[in-house]
Amino acid sequence: TNVLCCGVLLPAAPENLRRFGSEQKDTAATVRWDPVPHDKNGSAVLLYYVLYVSDPSGESTYFTQGAFDTYQTVERLVPGKLYMFSVAAVSGVGTGPRSEAVEIRACGFSSPPLRVRPKSQSVSRIELTW
């Protein structure tokens, strides 16, 4: 849904937010989204806010991207930690609604497991615990 402000529509929420790229790093993630079409907003998109948070009750960290840049790489993530990403378009009228959030886990693990031991096993399977 578009929001009307002062007789002009705020930009629509960006769509199709997703993790992008075949090369994944332990401490970085790249997200990509579809640009907001001009027919879905009343004024031109000037930039995008890319927001992410690791704790739903915590404060969002954000980056800004130009109107024609529809991706953002976020560095310095904690390996193995889950993050929520969303994107909002900004026009001269204001900031539109956020995209649907997407969960992205930073690849890798912060440390190797300790005290690994078998929990159960069969001929074709072994379950480990640590």
Side-chain angles (χ1 to χ4, degrees):
T1 40
N2 291 345
V3 179
L4 186 64
C5 174
C6 313
V8 181
L9 292 175
L10 289 173
E15 295 179 349
N16 198 21
L17 178 63
R18 64 215 177 264
R19 184 173 203 153
F20 179 76
S22 57
E23 185 179 318
Q24 298 179 11
K25 298 179 182 177
D26 287 349
T27 59
T30 300
V31 292
R32 180 175 285 276
W33 59 92
D34 295 342
V36 173
H38 292 292
D39 62 344
K40 282 196 167 186
N41 62 311
S43 61
V45 172
L46 301 174
L47 58 94
Y48 292 98
Y49 285 141
V50 180
L51 303 106
Y52 73 98
V53 64
S54 62
D55 178 1
S57 63
E59 196 171 310
S60 293
T61 302
Y62 72 91
F63 291 91
T64 57
Q65 276 295 23
F68 301 106
D69 296 325
T70 57
Y71 68 92
Q72 173 69 49
T73 299
V74 177
E75 305 276 348
R76 292 183 248 185
L77 301 177
V78 176
K81 192 164 188 124
L82 186 66
Y83 294 86
M84 297 292 294
F85 284 82
S86 61
V87 179
V90 180
S91 72
V93 177
T95 303
R98 291 183 184 185
S99 66
E100 287 189 35
V102 68
E103 291 183 346
I104 295 176
R105 185 174 303 279
C107 296
F109 299 94
S110 55
S111 62
L114 302 174
R115 296 185 297 277
V116 177
R117 56 192 179 280
K119 184 175 180 180
S120 65
Q121 66 184 50
S122 68
V123 174
S124 61
R125 181 178 161 194
I126 186 168
E127 185 177 351
L128 300 174
T129 185
W130 60 86

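Model, not experiment: these values are computed from the prediction.
- Closest approach of Y49 and T95 over heavy atoms only: CE1-OG1, 3.8 Å.
- With sequence neighbours excluded, no residue satisfies ring pair (Phe, Tyr, Trp, His ring centres under 6.0 Å) with Y71.
- Cluster annotation: V87 and F63 are assigned to the same hydrophobic cluster (Ile/Leu/Val/Met/Phe/Trp/Tyr, side-chain heavy-atom contacts under 4.5 Å, transitive).
- Applying the 6.0 Å contact sphere to CZ of R32 captures more than 12 heavy atoms from other residues, nucleotides or ligands.
- Criterion: ILVMFWY side-chain heavy atoms under 4.5 Å apart, direct or through other members. Under it, V93 and L47 are not part of a common hydrophobic cluster.
- Here the side chains of Y48 and P14 are in contact, with some heavy-atom distance below 4.5 Å.
- Rounding to the nearest 0.5 angstrom, the gap separating the CH2 atom in W33 from the CD atom in E15 is 14.0 Å.
- Within the 4.5 Å cutoff, side-chain heavy atoms of P79 are placed close to those of T27.
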Could you walk me through whether Y52 and Q72 pass the side chain to side chain contact (heavy atoms under 4.5 Å, CB included) test, one step at a time?
CA-CA 11 Å; Y52 73 98; Q72 173 69 49; over 6 Å; no
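- Scanning for side-chain hydrogen bond (donor to acceptor under 3.5 Å, both in side chains) contacts around T30 gives T73, with sequence neighbours left out.
- In this structure, F85 and L17 approach most closely via the heavy-atom pair O-CD2, 3.4 Å.
- Between the CD atom in Q121 and the CD atom in E127 there is a gap of 11.0 Å [rounded to 0.5 Å].
- Linking ILVMFWY side-chain heavy atoms closer than 4.5 Å, directly or via other members, places V116 and I126 in a single hydrophobic cluster.
- Here the straight-line distance linking atom OG1 of T64 with atom CG of L46 works out to 11.5 Å at 0.5 Å rounding.
- A single hydrophobic cluster is seen to contain both V78 and V31, as judged by linkage of ILVMFWY side chains at heavy-atom distances under 4.5 Å, directly or through other members.
- Annotation: side chain of D34 is in contact with side chain of R18 (closest heavy-atom distance under 4.5 Å).
- Between A13 and R98, the shortest heavy-atom contact is CB-O, 3.4 Å.
- Considering all non-hydrogen atoms of both residues, A88 and L51 come closest at N-CD1, 4.4 Å.
- For the pair M84 and A101, the tightest heavy-atom approach, listed with the atom from each and the gap, is CE-CB, 3.5 Å.
- With rounding to the nearest 0.5 angstrom, the CZ atom of R105 is 10.5 Å from the OH atom of Y83.
- Under the 4.5 Å side-chain contact rule for hydrophobic residues, V53 and V74 do not share a cluster.
- Residues L77 and A28 come closest through the heavy atom pair CD1-C, 4.0 Å.
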